[in-house]
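Below is one structure; the comments refer to it alone.
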Amino acid sequence: MPNRGALRIVIQHLHANPRFPWRLVAYGNGRIYRSPEFESMERLLETFRRAVPGFAPGVLSIRNEADETYIAFTADIELDDSQLSILGLIDSPPDASGPSSI
(Lines give C-alpha, C1' and ligand atoms only; values in the text may rest on other atoms or scores of the structure.)
Protein backbone atom coordinates (compact mmCIF):
# COMPACT_ATOMS: atom_id res chain seq x y z
CA MET A 1 0.00 0.00 0.00
CA PRO A 2 1.31 3.47 -0.79
CA ASN A 3 2.49 5.48 2.18
CA ARG A 4 1.23 9.06 2.13
CA GLY A 5 3.94 10.28 4.49
CA ALA A 6 3.23 11.92 7.81
CA LEU A 7 -0.30 13.23 8.20
CA ARG A 8 -1.50 15.52 10.96
CA ILE A 9 -4.13 13.41 12.77
CA VAL A 10 -6.73 15.29 14.82
CA ILE A 11 -9.45 13.84 17.05
CA GLN A 12 -12.23 16.36 17.64
CA HIS A 13 -15.11 16.42 20.08
CA LEU A 14 -18.10 18.04 18.34
CA HIS A 15 -20.31 19.88 20.80
CA ALA A 16 -22.99 20.59 18.18
CA ASN A 17 -23.52 16.89 17.40
CA PRO A 18 -24.53 15.04 20.61
CA ARG A 19 -25.54 11.90 18.67
CA PHE A 20 -22.11 11.47 17.01
CA PRO A 21 -19.77 13.70 19.01
CA TRP A 22 -16.36 12.38 17.86
CA ARG A 23 -14.60 12.92 14.53
CA LEU A 24 -11.21 12.01 13.11
CA VAL A 25 -9.55 14.36 10.60
CA ALA A 26 -6.19 14.03 8.82
CA TYR A 27 -4.33 16.83 7.04
CA GLY A 28 -1.45 16.32 4.64
CA ASN A 29 -0.27 16.25 1.06
CA GLY A 30 -2.50 19.24 0.33
CA ARG A 31 -5.63 17.26 1.31
CA ILE A 32 -8.06 17.00 4.18
CA TYR A 33 -9.38 13.54 5.07
CA ARG A 34 -12.51 13.29 7.25
CA SER A 35 -13.96 10.18 8.81
CA PRO A 36 -17.60 9.61 9.57
CA GLU A 37 -18.46 10.76 13.08
CA PHE A 38 -18.31 8.23 15.93
CA GLU A 39 -21.06 7.77 18.52
CA SER A 40 -18.57 7.29 21.35
CA MET A 41 -14.92 7.72 22.21
CA GLU A 42 -14.76 3.97 22.85
CA ARG A 43 -15.85 3.22 19.27
CA LEU A 44 -13.36 5.72 17.86
CA LEU A 45 -10.54 4.23 19.96
CA GLU A 46 -11.48 0.69 18.93
CA THR A 47 -11.23 1.72 15.27
CA PHE A 48 -8.03 3.73 15.84
CA ARG A 49 -6.32 0.80 17.58
CA ARG A 50 -7.14 -1.50 14.65
CA ALA A 51 -5.34 0.93 12.32
CA VAL A 52 -2.55 2.00 14.71
CA PRO A 53 -2.04 -0.90 17.17
CA GLY A 54 0.46 0.92 19.40
CA PHE A 55 -1.82 3.91 20.05
CA ALA A 56 -2.10 4.77 23.77
CA PRO A 57 -5.38 6.45 24.78
CA GLY A 58 -3.64 8.17 27.70
CA VAL A 59 -2.47 10.88 25.30
CA LEU A 60 -6.06 12.07 24.74
CA SER A 61 -7.31 15.21 26.43
CA ILE A 62 -10.95 14.50 27.35
CA ARG A 63 -13.07 17.23 28.90
CA ASN A 64 -16.10 16.26 30.95
CA GLU A 65 -19.17 18.31 30.11
CA ALA A 66 -17.49 20.37 27.39
CA ASP A 67 -19.77 23.11 26.10
CA GLU A 68 -17.81 23.70 22.90
CA THR A 69 -16.05 21.79 20.16
CA TYR A 70 -12.45 20.98 21.09
CA ILE A 71 -9.41 19.00 19.93
CA ALA A 72 -8.74 15.95 22.10
CA PHE A 73 -5.62 14.76 20.27
CA THR A 74 -3.24 15.82 17.53
CA ALA A 75 -0.06 14.21 16.21
CA ASP A 76 1.86 13.64 13.01
CA ILE A 77 1.57 9.96 12.09
CA GLU A 78 2.61 8.07 8.96
CA LEU A 79 -0.32 6.03 7.65
CA ASP A 80 -0.68 3.91 4.53
CA ASP A 81 -3.87 3.52 2.47
CA SER A 82 -4.91 0.40 4.39
CA GLN A 83 -4.76 2.28 7.72
CA LEU A 84 -6.60 5.29 6.26
CA SER A 85 -9.30 2.93 5.01
CA ILE A 86 -9.72 1.29 8.43
CA LEU A 87 -10.14 4.77 9.94
CA GLY A 88 -12.78 5.66 7.36
CA LEU A 89 -10.64 8.48 5.96
CA ILE A 90 -10.55 7.02 2.41
CA ASP A 91 -12.54 4.41 0.55
CA SER A 92 -11.19 0.87 0.65
CA PRO A 93 -7.92 0.50 -1.23
CA PRO A 94 -8.41 -0.97 -4.70
CA ASP A 95 -8.24 -4.74 -4.93
CA ALA A 96 -4.93 -5.81 -6.46
CA SER A 97 -6.69 -8.45 -8.55
CA GLY A 98 -8.33 -5.75 -10.68
CA PRO A 99 -11.97 -5.05 -11.47
CA SER A 100 -14.46 -7.86 -11.14
CA SER A 101 -17.18 -8.63 -13.62
CA ILE A 102 -20.70 -9.57 -12.59
Side-chain angles (χ1 to χ4, degrees):
M1 292 289 133
N3 189 318
R4 297 177 187 266
L7 298 174
R8 170 65 44 119
I9 304 298
V10 177
I11 295 176
Q12 299 173 325
H13 179 268
L14 309 169
H15 175 70
N17 190 353
R19 191 165 166 224
F20 295 97
W22 295 98
R23 176 171 57 197
L24 187 63
V25 181
Y27 303 91
N29 305 317
R31 295 193 55 194
I32 298 173
Y33 306 87
R34 287 189 178 92
S35 73
E37 282 83 23
F38 293 86
E39 68 275 4
S40 69
M41 174 53 75
E42 291 78 22
R43 180 74 176 123
L44 187 150
L45 286 175
E46 175 185 307
T47 302
F48 205 91
R49 284 189 197 121
R50 281 190 307 130
V52 185
F55 182 73
V59 298
L60 295 171
S61 173
I62 307 297
R63 298 182 195 168
N64 292 330
E65 301 186 31
D67 60 352
E68 62 186 11
T69 294
Y70 68 90
I71 295 173
F73 171 80
T74 185
D76 293 335
I77 301 175
E78 290 194 25
L79 300 172
D80 62 27
D81 283 355
S82 175
Q83 291 168 301
L84 290 171
S85 177
I86 289 168
L87 294 170
L89 295 167
I90 64 169
D91 292 333
S92 295
D95 184 359
S97 65
S100 62
S101 58
I102 298 178

Point to revise | Residue pair Q83 / V52: nearest heavy atoms and the distance that separates them | key: NE2-CG2, 4.4 Å

Practice item. Look at the side chain of D80 and the backbone N and O of S82, then say whether any donor-acceptor pair between them is shorter than 3.5 Å. Key: yes

**Study point:** Listed partners of N17 passing side chain to side chain donor-acceptor pair (under 3.5 Å), at least two apart
**Key:** none

Practice item. Could you list the residues that satisfy side chain to side chain donor-acceptor pair (under 3.5 Å) with R8, not counting sequence neighbours? Key: D76

Exercise for review: Show which residues join F20 in its hydrophobic cluster (side-chain heavy-atom contacts under 4.5 Å, direct or indirect), or state none.
Suggested key: none

Atom pairs and distances, donor-acceptor, side-chain atoms in residues 41-51, under 3.5 Å, two or more places apart:
from, atom 1, to, atom 2, distance (Å)
R43, NH1, E46, OE2, 2.7
T47, OG1, R43, O, 3.1

Check your understanding: Residues sharing V10's hydrophobic cluster, by side-chain heavy-atom contacts under 4.5 Å among ILVMFWY, directly or via others?
Key -> V25, Y27, I32, I71

Review point. Atom CG of L84 and atom CD1 of I9: how far apart are they, to the nearest 0.5 Å?
Key: 7.0 Å

Exercise for review: Nearest 0.5 Å please: distance from the CG atom of L87 over to the OH atom of Y33.
Suggested key: 12.5 Å

Review point. How far apart are the C-alpha atoms of H13 and W22, what are their side-chain angles, what is the distance that settles it, and do they pass the side chain to side chain contact (heavy atoms under 4.5 Å, CB included) test?
Key: CA-CA 5 Å; H13 179 268; W22 295 98; 3.4 Å; yes

Revision key, fill the gap. In short, salt bridge (charged side-chain N to carboxylate O under 4.0 Å, His left out) pairs touching residues 15-29 with sequence neighbours left out are R23-E37

Point to revise | Which atom of P36 lies closest to which atom of G88, heavy atoms considered | key: CD-O, 3.5 Å

Exercise for review: Find out if a path of hydrophobic residues (ILVMFWY) with successive side-chain heavy-atom gaps under 4.5 Å connects F73 to F38.
Suggested key: yes

Exercise for review: Check step by step if side chain to side chain contact (heavy atoms under 4.5 Å, CB included) holds for L89 and L7.
Suggested key: CA-CA 12 Å; L89 295 167; L7 298 174; over 6 Å; no

Point to revise | Inter-residue atom distance S61.OG - I11.CD1, 0.5 Å rounding | key: 11.0 Å

